Amino acid sequence: MSTIKDVARVANVSIATVSRVVNKGPKVSDKTRERVLQVMQELGYSPNINARDLVTQKNTTIGVVIPDLSDPFFASLASGVDKIARDNNMQLLLSTALLTEESEREAINLLIERRCQAIIIHSKMLKDDELISLCKRVPGLVLIDRLIDEISHKCIWIDNEEGGKLAARHLLALGHTEFACINSNYLIDDPKLRFKGFEQALLDEHLKIDDALHIKAEPTLLGGELATKELLSIGINNVSAIFVYNDAMAIGVISTLEDQGIHVPEHISIIGFDDVLLSRYSRPKLSTLNYPIQQMAQQAALLSLDLIDKQSPLYEIKAQHCYVPRLVQRESTSKKS
């Protein structure tokens, strides 16, 4: 295996010059840089990232913890962090965790053991106290999709309750008065807050959802299908609109209704939440609440890098980073017939 000394000898430059080329440092002419890079390629030389980090005392990876890489929402989150990593000549180190305390703890510890200084965490199961302790121990640790008041300056989150209100107001403006809700059965805050906002907007108009028409299931395509079948077994003849926890479930709902000859939005309106890419290509195209997770992930990554740099004003200022969902009206909602 070739070493940095081999590259320096063949390129007829000093080891320090090769090091500056590897680290994209200044004071290297374009001609010399090109010659060194060519020799590196010819010799198959790859710099030892861990060794380089030890020398420079600067980590070149951004870590991110998500529960499920196959979910388009979390894939978008990871993509947002990766964009900032690439912009800063860094690598993304991904650690996945199931929605359990132990798996989230293991995923975070893995990144810390790999000496990641910048870490973006999507955690729903770890208790506030543990995350507060981690944030104090790891300066570059930032939480996404969660608010903890004591460390709010290191949190990027969305107003789920306001999103629920926006969904309800949209359906009310279309003349709907009889509703069902298909919600996530995960024991986290997001489904509770989205339903709370939706319910409050209905109460403001002296309306409410029958408890029997508030169905919970896995927040997946299949979960949407199963929840819809449960609703149909109860009977939804008077229901003209359904608020669904996320887009994956909503698309499962639409497919199941259409299979039963119940057309969307002619017979019933459906609104989702997240605005994942698939929502633009479903049939009918899905009305939803835009959750700018990629933009939020980019801000989280930038905040993490700023927090590492103690000279940055962001290190001292306890800023707020709350996003508000935006209504995206497409084809799955229409005026009550």
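Remember, predicted model here, so these are calculated numbers, not experimental data.
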Walk me through it: do Asp190 and Lys124 pass the test salt bridge (Lys or Arg N to Asp or Glu O under 4.0 Å)? CA-CA 9 Å; Asp190 298 31; Lys124 293 295 186 180; 2.7 Å; yes
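- The two residues Met40 and Val22 have their closest heavy-atom pair at CE-CG2, 4.1 Å.
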Start with the C-alpha gap between Asn183 and Ile215, add the side-chain angles, then the distance that decides, and say whether side chain to side chain contact (heavy atoms under 4.5 Å, CB included) holds. CA-CA 6 Å; Asn183 210 346; Ile215 306 298; over 6 Å; no
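- Atom CG of Asn12 sits in a sparse spot, with 12 or fewer heavy atoms from other residues, nucleotides or ligands closer than 6.0 Å.
- Between Ala97 and Ala107, the closest heavy-atom pair is CB-CB, 3.8 Å.
- Residue Ile148 belongs to a hydrophobic cluster whose other members are Val65, Leu93, Ile108, Leu111, Ile112, Ile119, Ile121, Leu126, Leu131, Ile132, Leu134, Val138, Leu141, Leu143, Ile151, with links defined by side-chain heavy atoms closer than 4.5 Å.
- Asn160 places no side-chain N or O within donor-acceptor distance of the main-chain N or O of Arg194, the cut-off being under 3.5 Å.
- Pairs of residues two or more places apart, or lying in two chains, that qualify as ring-ring contact (aromatic ring centres under 6.0 Å, His included) and include a residue from residues 267-288 are His263-His267.
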In sequence, state the C-alpha distance, the side-chain angles, and the governing distance for Arg169 and Glu162, and then conclude on salt bridge (Lys or Arg N to Asp or Glu O under 4.0 Å). CA-CA 10 Å; Arg169 290 169 186 158; Glu162 182 62 22; 3.3 Å; yes
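- Not counting sequence neighbours, the partners of Lys5 by the side chain to side chain contact (heavy atoms under 4.5 Å, CB included) test are Thr3, Ile15.
- Using a 4.5 Å heavy-atom cutoff, the side chains of Ser269 and Ser240 are not in contact.
- Of the possible polar contacts, one joining the Asp68 side chain to the Ser70 backbone as a donor-acceptor pair under 3.5 Å is found.
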Would Ile156 and Val142 count as a side chain to side chain contact (heavy atoms under 4.5 Å, CB included) here? Give the steps. CA-CA 8 Å; Ile156 307 288; Val142 172; 4.1 Å; yes
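- Residues Glu104 and Ser123 bring a donor and an acceptor atom of their side chains to less than 3.5 Å of each other.
- Residues forming a side chain to side chain contact (heavy atoms under 4.5 Å, CB included) with Val328 (at least two apart in sequence, or on another chain): Asp275, Thr288, Asn290, Arg326, Arg330.
- Within the structure, the salt bridge (charged side-chain N to carboxylate O under 4.0 Å, His left out) test picks out no pair touching residues 279-290 (sequence neighbours left out).
- You'll find the side chain of Thr96 stays beyond 4.5 Å of the side chain of Pro67, heavy atoms only.
- For residues 243-266, there are no salt bridge (charged side-chain N to carboxylate O under 4.0 Å, His left out) pairs, not counting sequence neighbours.
- Leu222 and Phe73 fall into different hydrophobic clusters, defined by Ile, Leu, Val, Met, Phe, Trp and Tyr side-chain heavy atoms under 4.5 Å apart, directly or through other members.
- Using a 3.5 Å distance cut-off with no hydrogens or angles, the side chains of Gln294 and Gln298 do not pair a donor with an acceptor.
- Pairs passing the salt bridge (charged side-chain N to carboxylate O under 4.0 Å, His left out) check and including a residue from residues 125-142, sequence neighbours excluded, read Glu101-Lys127, Arg105-Glu130, Asp128-Arg146, Lys136-Glu150.
- Interatomic distance, CG of Leu289 versus CG of Asn246, reported as 12.0 Å (0.5 Å rounding).
- Counting only N and O atoms by type, the side chains of Asp204 and Gln200 include a donor and acceptor under 3.5 Å apart.
- Atom CD of Gln295 is separated from atom CG of Leu77 by 12.5 Å, given to the nearest 0.5 angstrom.
- Counting only residues at least two apart or in different chains, ring-ring contact (aromatic ring centres under 6.0 Å, His included) contacts with residues 202-224 comprise Phe195-His214.
- The shortest side-chain heavy-atom distance between Arg33 and Val36 does not fall under the 4.5 Å cut-off.
- Side-chain N or O atoms of Lys154 include one that pairs as donor or acceptor with a backbone N or O of Cys135 at under 3.5 Å.
- With rounding to the nearest 0.5 angstrom, the CG atom of Leu147 is 9.5 Å from the CG atom of Asp189.
- The distance from atom OH of Tyr245 to atom SG of Cys181, rounded to the nearest 0.5 Å, is 11.0 Å.
- Note on Val10: it clusters hydrophobically with Val7, by side-chain heavy-atom contacts below 4.5 Å among ILVMFWY residues.
- Under a hydrophobic-cluster definition in which Ile, Leu, Val, Met, Phe, Trp and Tyr are linked whenever side-chain heavy atoms come within less than 4.5 Å, directly or via other members, Ile120 and Ile188 are assigned to the same cluster.
- Sorted by first and then second residue, the ring-ring contact (aromatic ring centres under 6.0 Å, His included) pairs involving residues 86-125 (not counting sequence neighbours) are Phe74-His122.
- In this structure, CG in Leu174 is found 11.5 Å from OG in Ser337, a value given to the nearest 0.5 Å.
- Looking at Ser287, its side chain never comes within 3.5 Å of a backbone N or O of Gln329 through a donor-acceptor pair.
- Ser184 places no side-chain N or O within donor-acceptor distance of the main-chain N or O of Pro191, the cut-off being under 3.5 Å.
- Counting heavy atoms from C-beta outward, His321 and Leu303 have side chains that approach closer than 4.5 Å.
- Using a 4.5 Å heavy-atom threshold, the side chains of Glu218 and Asn185 count as touching.
- Checking Asp145 against Tyr291 by side-chain atom types alone, a donor-acceptor pair falls below 3.5 Å.
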Give every donor-acceptor pair under 3.5 Å between a side-chain atom in residues 225-236 and any protein atom, sequence neighbours left out.
| residue | atom | partner | partner atom | Å |
| --- | --- | --- | --- | --- |
| Glu225 | OE2 | Lys229 | NZ | 2.9 |
| Thr228 | OG1 | Gly224 | O | 2.6 |
| Ser233 | OG | Glu230 | O | 2.6 |

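- At a threshold of 4.5 Å between non-hydrogen side-chain atoms, the residues Asp30 and Glu34 do not count as touching.
- Pairs of residues two or more places apart, or lying in two chains, that qualify as ring-ring contact (aromatic ring centres under 6.0 Å, His included) and include a residue from residues 166-190 are Phe179-Phe198.
- Checked by atom type, the side-chain pair Ser14/Thr17 shows a donor-acceptor distance below 3.5 Å.
- The stretch residues 232-244 participates, sequence neighbours left out, in no salt bridge (charged side-chain N to carboxylate O under 4.0 Å, His left out) pair at all.
- The shortest distance between side-chain heavy atoms of Thr32 and Val13 falls below 4.5 Å.
- A distance of 11.5 Å separates CG of Asp274 from CE of Met249, quoted to the nearest 0.5 Å.
- Using a 4.5 Å cut-off on side-chain heavy atoms (C-beta onward), Thr333 and Leu171 make contact.
- Placement of Leu213 and Ile268 within a single hydrophobic cluster is found when ILVMFWY residues are connected by side-chain heavy-atom separations under 4.5 Å, directly or transitively.
- A continuous path of ILVMFWY side-chain contacts below 4.5 Å connects Leu69 to Ile293, so both sit in one hydrophobic cluster.
- Of all the heavy atoms in Gly163 and Pro325, the pair that sits closest is CA-CG, 3.7 Å.
- Remark: the backbone N or O of Leu98 is paired with a side-chain donor or acceptor of Ser103 at under 3.5 angstrom.
- Side-chain atoms of Ser279 and Ser282 include no donor-acceptor pair closer than 3.5 Å.
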